[in-house]
Amino acid sequence: MKFHILTIFPRFFDQLFDYGVVGRAVRQGLIEVHVYDLRNWTFDPHRTVDDRPFGGGEGMVLKPEPIFLAVEEILPERGKDKKVVLLSAQGRLFHQDIAREFSQLSELVLICGRYEGVDERVAEHLADEEISIGDYVLSGGELAAAVVVDAVARLVPGVVGKPGSVAAESFSLRDEEGRTVLLDWPHYTRPAEFRGLRVPEVLLSGNHEAIQRWRLAAARQKTARLRPDLIRRGGPSSSEGEIRSFTLK
Ligand code: SAM
């Protein structure tokens, strides 16, 4: 899968995708991350990408022309397996189902806004959709693009070694009926006792069935405590058909 990131701060991404799971995926050629300087699509001596807002007011707005030209060159042919996303505080809230949906694409273009934002014609006539990584305002789309690349890349087949590890994670794990999405269960490692705090005995028992039962119950409890909204929501998610769910029997 190819990610294309369009930004006025390309150096922001230096080394960002060199580490861990994503770094390994890049080195193995499972994903490609291309970063483009938006100023390459400007033609004036100052390489201007922004201008004052029509109607007056504070701040500057990213001009449409460089963004349209860049996207048309990066993705000359649009198709169902290619998507152009504008990172925006006003967009659809990013979550694991969207990451899963994006991981099926062959190419994903991520447009990073700055300043007061991006000329609205980009959202209306160029991008397939606007995506927000949370209900807060960042100073630029770069951090949001990095979050999207990371979350999507690890769902690309082969990127995370064992398929079970992504299927048994928060927001993919499901209860016995496969209806409610759960958070991951708690994890512990050596030592079995640390400062008087013992890990749950069942995890030391070697009894795999008992361990699985405990894990699912613990995942349920933790979800109910930290994210009761997930339990309340219940029911199959909108994209359930595509989900490689991991349920414990
Ligand atoms: N005036 C805009 C508003 O109130 O919605 C905020 C612009 S923000 C300072 C500049 C850029 O940061 C945006 O164009 C967008 O690309 C990015 N951005 C800010 N918050 C974001 C969020 N929650 N998710 C994704 N991108 C975000």
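Start at 1 and go down the list; that is how both ligands and their atoms are numbered. Just so it is clear, the values below take in all heavy atoms, side chains as well, and ignore hydrogens, waters and symmetry mates.
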The ring-ring contact (aromatic ring centres under 6.0 Å, His included) partners of Phe17 (sequence neighbours excluded) come to none

Self-check item: Phe171/His95 aromatic ring centres below 6.0 Å
Solution: no

Are there over 12 heavy-atom neighbours, none belonging to Glu124, within less than 6.0 Å of that residue's CD? yes

Could you tell me if Asp81 and Ser106 have a donor-acceptor pair between their side chains, going purely by distance under 3.5 Å? yes

Using the salt bridge (charged side-chain N to carboxylate O under 4.0 Å, His left out) rule, take Asp175 and Arg220 through it: C-alpha gap first, then chi angles, then the decisive distance, then the call.
CA-CA 8 Å; Asp175 67 1; Arg220 259 196 157 282; 3.2 Å; yes

Item checked: Donor-acceptor contact below 3.5 Å, side chain Arg92 vs main chain Ile131 -> no

Contact set, ligand 1, heavy-atom distance under 4.0 Å, ordered by chain/number, equals Leu87, Ser88, Ala89, Gln90, Gly113, Arg114, Tyr115, Glu116, Gly117, Ile131, Ser132, Ile133, Gly134, Tyr136, Val137, Leu138, Ser139, Gly140, Gly141, Ala144

